[in-house]
Structure formats: structure tokens, C-alpha cells
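In what follows, chains are A, B, ... by sequence order, proteins preceding strands, each numbered from 1.
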2 protein chains.
Amino acid sequence: MSMASAKHLLFEHLAELTKALANSNRLELLELLAQGAQSVEVLTQRTGLSFANVSQHLQTLKKAGLAIGERDGKNVRYRLQDGPIVAALTGLRRLAEHNVAAVGDVRRRYLDDLDGLDPISHDDLIERMKSDSVVLLDVRPGDEFASGHLPRAVHIDVADLEDQVARLPKDREIVAYCRGPYCVMSYKAVQILRAKGYLVRRLEDGFPEWKAEGRPVESAT
Amino acid sequence: MSMASAKHLLFEHLAELTKALANSNRLELLELLAQGAQSVEVLTQRTGLSFANVSQHLQTLKKAGLAIGERDGKNVRYRLQDGPIVAALTGLRRLAEHNVAAVGDVRRRYLDDLDGLDPISHDDLIERMKSDSVVLLDVRPGDEFASGHLPRAVHIDVADLEDQVARLPKDREIVAYCRGPYCVMSYKAVQILRAKGYLVRRLEDGFPEWKAEGRPVESAT
DNA sequence: CAAACATTCAATGTTGTGATTGAATGAACT
DNA sequence: AGTTCATTCAATCACAACATTGAATGTTTG
């Protein structure tokens, strides 16, 4: 094999991997898998696709080395393969936001406008955590919180936030987070809390991105 | 437009962008464009594809907002659009090296074995540059060096290295770099120099990646 | 062992992508 | 103005990707 063809082979492999990512349904599945392992059934419900179609896309992801399926009783639970998958997706997302005007637009229109304040960056949060000057609020569903969350985060499902708002202090800033940059739950939480007079901001991105950067996380015991 | 469909639209856009990347020929073109602006003719020569085919792929890249074509006299010169394109590609490349065993293999077999020493990281190089304890060696063709290079880098085309080796000091470590992680020129340079008793290592990745990270560069005047 | 269930497989039709060809454009030079 | 050259466009064909359907597999439960 000549040097030139080896190089060409490399691009072929890279293209093959990229093709596995280049489908809106698979991107959505990957975002869901980034929250934690899920059965095909749950993924079918959340995406609204047909059962067989979800299974087929999962096979594609598996072949590309992006996802793993493991039998768990009657179900097969899929999860992300280890590795820099979330980092690569974040790179693509940033590129899309920069280059495709529509992407930035959609996000601004539907999400940022709900907020109005800049989200807090990961680095800034680390600083604030050192001085213990913030309270972290995880507003994802309970099972996702259980499978991993930011250190010392308080968990209140966004659906229960109105009722349980008293668990949060008013004298410290609250940083809310959820699944990722397109997840609306933390936006909603900010809305609710701000209406009640809390000092609250969103965390940039969400839990999967935080974890992918190798930052500290903890799991329910 | 409901919230759910907005989210779906987002994945659609993201998939569209990713599709533009998901082709080996376009990935190769992007790598070439990352070196600097090129005419269609030159790109045709370097890739070995047909003229019309290259043009067609370039249109695809343009539509996706990845490349720009500008008339320059008789020729149209294409270059990368501004933005985090190289960063996104680096993310994909790292993912491929991690997940697709063959990619790492090919690279090791054809490149790393030529070297044997770990490349120096960008952060480490910044440190070494502060103390002025290294000499940077740019072994790319002259025009690419002219359109941008690392600060105070010495330029010797790898083809002229044997002849001009005397321009390099033997009492300081040399760090050679070229186009990127799959570029063989810096490997070759290391081979040549090491055979002559120089203390030399490769820089991790190459010029486009360095620049994309926002690290200091300079251009010929 | 049979029934129920979750998942995968195989076959099909439709649509999209990539390469090739030759014609069309449009700037520069004579 | 007409010729030359680089590039793009339009038409075509082969082939791969996607969603759908219904049948097949394999696991738990009674």
C-alpha cells in the first residue's frame, strides 16, 4: 500500500464515521444517549420514530463504534461508546451555530430570549464552586440525575419546581442546568425562579458536555 | 412552529452541515484548503479527481458555508470560511482515531513508526518558546509558509533540508511542523535531522490546528 | 413448553448522492 | 470582436441511504 493510498484510506474511514453522524434522527438519538443508557422502546417514544427505524439507526451507530447495545433482561439498553463523541458533536454544533445562520437564529429565538442573561461558563462555575458561592440545580428527570450529576447539585425535576421552590436559598446565586444546549428545561427553570425573585442563571451547555470535558461529577449511591 | 419542531429543525440543520463533511473527497479538499487559498486547478491536481468533480464538491462546501470562492483574475481561489471549521474537523479526527481502530492503526503504521518520539504538545511548545529554548522549523512549501507560520519559525522546504541543514543550531532542540496530523513532511524532516545528530521532535498536529486554536502566528510581509 | 414481549432482520419503494460527459459562462489577452 | 482559458452548469447513470412493512429471533414469564 502506497503512502498516498494510505492517506486516502484515512479520509475514507473519517468520511464513513462522519456519515454515521450525518442524519438528523441519529443526531437526536445520540443526544438522548448522551443523557445515559436507554432502551429502544424509550428512544422510540422520545423521538416519535417507528420502532424498527430506531433499531435500524441504532445498528448504524453501533457499526460506527458510536453506541453499544447491551441486553438487560427483556430490553436492550443502548449507551454511548466511550470516547470523545460528545466533544466531536460539540465541535459540529459550534460550527453549525457559527456558519449556518438559521441554527443560531432558532436557538436565539426559542431559547436565549427566554433567558436574556448570558449562561455561566464551565470555567467560571468551577471558580464559583471553590468559593461555595453558588447552588447548583439539576432539573432533569430523576433517573438521569441518579445516573450522574454535578457535585453537590440539588435535584428538583422541573415539573416539581413550583412546589419545591422552598428548598432553594434566596441568598445565593442559583445555577440551573439540564441536558445540553438545546434542552429547554433549564430555561424554564430560570423563568420560574426569576419570577419568584431568585438570582438564577443557566449553565452553559449541560451535563453531558460537562462530563465529556472530564470535569467532576458524582452519582447517586 | 412548536418548540418540538424547532428542536427537530435544529437537528436537520446540523445533519445537513454534517452531510457536507461526510465525504472523503470533500474532507481531503478541506484539508488542502486549511493550508491556504487554492485555485480549482491546483486542487484538481492535488486530489487527482476530475476538474468538474472538484468544482462540484466545492459548490457543496460553499453551500454549506464551509468554503468561499473568490475570483482572482482568471482563476477562482477557494478558501475556508472563517469559523471553527478546523476545530470541528479535529474533533471528528480524534473521534475516528479513538473509535475506528483502523484509523489509529494506519497512522501508527505509516507515520508514528517513522518517528518513535512523542510529538510536543501545543501547550508545551508555548512554554518552551517563552524560555527561548527551542528552534521552530517549518518544512512546508514556501508559499504556505509565506501565508502564515509560527512566530520566529525558520523556513526550510523539506526538499532542501539536506542542503540547508547548516542553518539549524545543534545546541537547541528543534521542533518541526507542517500541515497537520497526516502530513508526512515533518516526519521526514525529523528523520533527516535525527540522522545527522540533531535533537529534534515533531509538533503535535500542524499549522492549521495551531492557528485554529487562536495561538500566535505571523505572516511574511 | 407456550405466550408475551422487545428487538432485529429482510424485502421493498422512494429519494438522494457522486462521478462523468459535454455544453455554457465569463474574464483576460490579442 | 474573437480566442483562450478556468470554471460552472445541466443531464445522466449507477449506487447508497431512508422509512415502512411484516416476518423472524431470542428472552422472560406463566
Side-chain angles (χ1 to χ4, degrees), chain A residues 5 8-9 11-30 32-33 36-79 143, chain B residues 5 8-9 11-33 36-79:
Chain A
S5 84
H8 191 256
L9 240 177
F11 284 118
E12 295 271 325
H13 282 296
L14 194 47
E16 208 172 326
L17 210 219
T18 310
K19 266 197 238 291
L21 298 174
N23 173 281
S24 60
N25 292 328
R26 284 197 290 275
L27 288 171
E28 186 170 3
L29 286 171
L30 286 172
L32 290 171
L33 292 179
Q38 309 282 354
S39 70
V40 183
E41 188 176 30
V42 170
L43 293 169
T44 300
Q45 289 167 7
R46 296 212 182 168
T47 56
L49 300 173
S50 77
F51 208 108
N53 196 10
V54 169
S55 174
Q56 203 165 289
H57 282 304
L58 288 171
Q59 303 303 318
T60 305
L61 293 176
K62 198 156 85 175
K63 247 184 243 152
L66 296 169
I68 312 178
E70 285 159 338
R71 260 229 128 78
D72 175 23
K74 233 187 248 191
N75 299 335
V76 177
R77 289 170 70 74
Y78 278 85
R79 58 181 180 79
D143 55 332
Chain B
S5 84
H8 192 256
L9 240 177
F11 284 119
E12 295 271 323
H13 282 297
L14 194 47
E16 209 172 326
L17 210 217
T18 310
K19 268 197 237 289
L21 297 173
N23 173 281
S24 62
N25 292 327
R26 285 197 289 276
L27 287 171
E28 185 169 4
L29 286 172
L30 286 172
E31 206 212 37
L32 291 171
L33 292 179
Q38 309 282 355
S39 70
V40 183
E41 188 175 30
V42 170
L43 293 170
T44 301
Q45 289 167 7
R46 296 212 183 168
T47 56
L49 300 173
S50 77
F51 208 107
N53 196 9
V54 169
S55 174
Q56 203 165 286
H57 281 305
L58 289 171
Q59 303 303 318
T60 305
L61 293 175
K62 198 155 85 176
K63 246 183 244 153
L66 295 168
I68 312 179
E70 284 160 338
R71 261 230 127 78
D72 175 23
K74 229 187 254 191
N75 298 337
V76 176
R77 289 169 71 74
Y78 277 85
R79 59 180 178 79

Rounded distance in Å - [atom1] ([X]) to [atom2] ([N]):
X       : N      : atom1 : atom2 : value
A/Leu29 : D/dC18 : CG    : P     : 12 Å
B/Leu21 : C/dG18 : CG    : P     : 12 Å
B/Phe51 : C/dT25 : CZ    : P     : 18 Å
B/Asn75 : D/dT7  : CG    : P     : 5 Å

Set of residues satisfying salt bridge (charged side-chain N to carboxylate O under 4.0 Å, His left out) with respect to B/Glu31, sequence neighbours excluded: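 Expected list: A/Lys7.
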Under 4.0 Å, heavy atom to any atom of DNA chain D: which of residues 58-65 of chain A qualify?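 By residue number: none to list.
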In residues 37-45 of chain A, which residues come under 4.0 Å of DNA chain D by heavy atom?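 Contacting residues: none.
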Which residue pairs pass the salt bridge (charged side-chain N to carboxylate O under 4.0 Å, His left out) test when at least one of the two sits in residues 49-59 of chain B, sequence neighbours left out?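 Non-adjacent pairs meeting salt bridge (charged side-chain N to carboxylate O under 4.0 Å, His left out): zero.
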Salt bridge (charged side-chain N to carboxylate O under 4.0 Å, His left out) partners of residues 50-61 of chain B, not counting sequence neighbours, each pair once: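 Residue pairs with at least one partner in residues 50-61 of chain B: there are none.
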What distance do B/Leu27 atom CG and B/Leu32 atom CG have between them, rounded to the nearest 0.5 Å?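 If I round to the nearest 0.5 Å, the distance is 11.0 Å.
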The criterion is side chain to side chain donor-acceptor pair (under 3.5 Å); which residues satisfy it with [X], sequence neighbours excluded?
X       : value
B/Gln38 : none
B/Ser24 : A/Glu12
B/Arg46 : none
B/Gln45 : none

Show me, pair by pair, the donor-acceptor contacts under 3.5 angstrom made by side chains of residues 59-69 of chain B, not counting sequence neighbours?
{"residue": "B/Gln59", "atom": "NE2", "partner": "B/Tyr78", "partner atom": "OH", "Å": "3.2"}
{"residue": "B/Thr60", "atom": "OG1", "partner": "B/Gln56", "partner atom": "O", "Å": "3.2"}

Quick one: are A/Leu49 and A/Thr44 in side-chain contact, heavy atoms under 4.5 Å?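 Contact flag for A/Leu49/A/Thr44 side chains = no.
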When all nucleic acid strands are considered with a 4.0 Å heavy-atom cut-off, which category describes B/Arg77: base, sugar-phosphate, or nothing?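 If one applies the 4.0 Å heavy-atom cut-off, B/Arg77 turns out to touch nothing in the nucleic acid.
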What pairs of residues pass the side chain to side chain donor-acceptor pair (under 3.5 Å) test when at least one of them lies in residues 64-77 of chain A, not counting sequence neighbours?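 Of all non-adjacent pairs touching residues 64-77 of chain A, those that pass side chain to side chain donor-acceptor pair (under 3.5 Å) are A/Glu70-A/Arg79.
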Would you say a side-chain N or O of A/Tyr78 is under 4.0 Å from OP1 or OP2 of C/dA6?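 Looking at the OP1 and OP2 atoms of C/dA6, neither is under 4.0 Å from any side-chain N or O of A/Tyr78.
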Answer yes or no: does a side-chain N or O of B/Ser55 lie under 4.0 Å from OP1 or OP2 of D/dT8?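 True: B/Ser55 side-chain N/O within range (under 4.0 Å) of D/dT8 OP1/OP2.
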Taking the side chain of A/Val76 as heavy atoms from C-beta outward, which of C/dG18, D/dT7, C/dT8 is closest to it?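 The listed nucleotide nearest to A/Val76's side chain is C/dT8.
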How would you summarise protein contacts on nucleotides 19-30 of chain D per nucleotide, using B for base, S for sugar-phosphate only and - for none, with heavy-atom distances below 4.0 Å? BBB-----SS--
